[in-house]
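Read the structure below first, then the notes.
Whatever order the structure lists ligands and atoms in, that order sets their numbers, starting from 1. Residue numbers run from 1 in the order of the sequence given.
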Amino acid sequence: MIEFRNVSLTYPNGHQGLKNIDLKINEGEFVVIVGLSGAGKSTLIRSINQMVKPTQGELFIDGENTLKFSDRKLRKFRRNIGMIFQNYNLVKRSSVLRNVLAGRLGHTGTLRSILSLFPQDDVQLALHSLERVGIAEKAYIRADQLSGGQQQRVSIARALTQKPKLILADEPVASLDPPTAHAVMKDLQRINKEDSITMVVNLHAIDLSMQYAERIIGLRNGEVVFDGPASSVSEKT
Ligand code: ADP
Ligand code: ADP
């Protein structure tokens, strides 16, 4: 599904964020990227939807070199990718439901989105997504009234509402206490299994990675230094 071919990324200040990455991620995989702070995890995950754009190489998704996409095609492509951030990126003063409906922006049409007029189907889909992460009863509450774990579930529901083929999660549990972090990782794992959505998740905690990943990719200084099943990690580190 995703294939990096000799991808490098140099930031405008000359810093090399990624160096000669060759990587294949298959459809339906649950991949965790680990590495110390500054290793390039964010850069790698954000390069997949071109929030940061690689400066060298080819990046194929479903057989198409996405680095050659026009702006228009890139916007369309991004609609099929759910994105989850460490700090949830919710509109704090909006209701949970409105935040989740943001996953339909672009699908619905710009004018309707601006007017916040969503088709009833989209509202049903958003409510169903909230049910799937166990917080449907919070739909009409302001997003900033929820706990961190609940807010992260809202952002998972927003991603689900996009009906994505791929979810990218950049340190999704780094702001959560350990029990909540486990619960959110379990939600992601369950969704991966139930919907066969490919998941690429950045984590800096190796213990969490070992518990939830099928495959672990280790990064250091922008380079892949490990790639294998979670079960093989303990022997090698
Ligand atoms: P991680 O997610 O593993 O903490 P990042 O991908 O955020 O790592 O960063 C990798 C390296 O690239 C770090 O050295 C970081 O300081 C640098 N970096 C990240 N963003 C930029 C940027 N916009 N400009 C220059 N350097 C950057
Ligand atoms: P994280 O490690 O959680 O990605 P950072 O604090 O490293 O967050 O980065 C926050 C923002 O600053 C990001 O947008 C990143 O791209 C940018 N950034 C990080 N390092 C640098 C850098 N050395 N120069 C310029 N921008 C940077």
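For the residue pair S42 / D170, a side-chain donor-acceptor distance below 3.5 Å is found, with atom types taken as modelled. For S155 and N89, the side-chain atoms include no donor-acceptor pair closer than 3.5 Å.
Atom numbering of ligand 1 starts at 1 in the shown order; those under 4.0 Å from a heavy atom of A39 are 1 (P), 3 (O), 8 (O).
For K92, the NZ atom counts as loosely surrounded, since its 6.0 Å shell holds 12 or fewer non-hydrogen atoms of other residues, nucleotides or ligands. A 6.0 Å sphere centred on NZ of K165 holds no more than 12 heavy atoms belonging to other residues, nucleotides or ligands.
F60 carries R5 over the face of its six-membered ring, with the cationic atom under 6.0 Å from the centre and within 45° of the normal.
Considering backbone and side-chain atoms alike, G38 places an N or O below 3.5 Å from some N or O of ligand 1. Close N/O approach between P12 and ligand 1 is not found [any backbone or side-chain N/O within under 3.5 Å].
Residue contact annotation: G35 has no non-hydrogen atom under 4.0 Å from ligand 1. At least one heavy atom of L36 sits less than 4.0 Å from an atom of ligand 1.
Under 4.0 Å from ligand 1, heavy atoms of K41 appear from its side chain as well as its backbone. Contacts between T43 and ligand 1, counted as non-hydrogen atom pairs separated by less than 4.0 Å, involve both the backbone and the side chain.
Ring centers of Y212 and F30: at least 6.0 Å apart, outside the cut-off.
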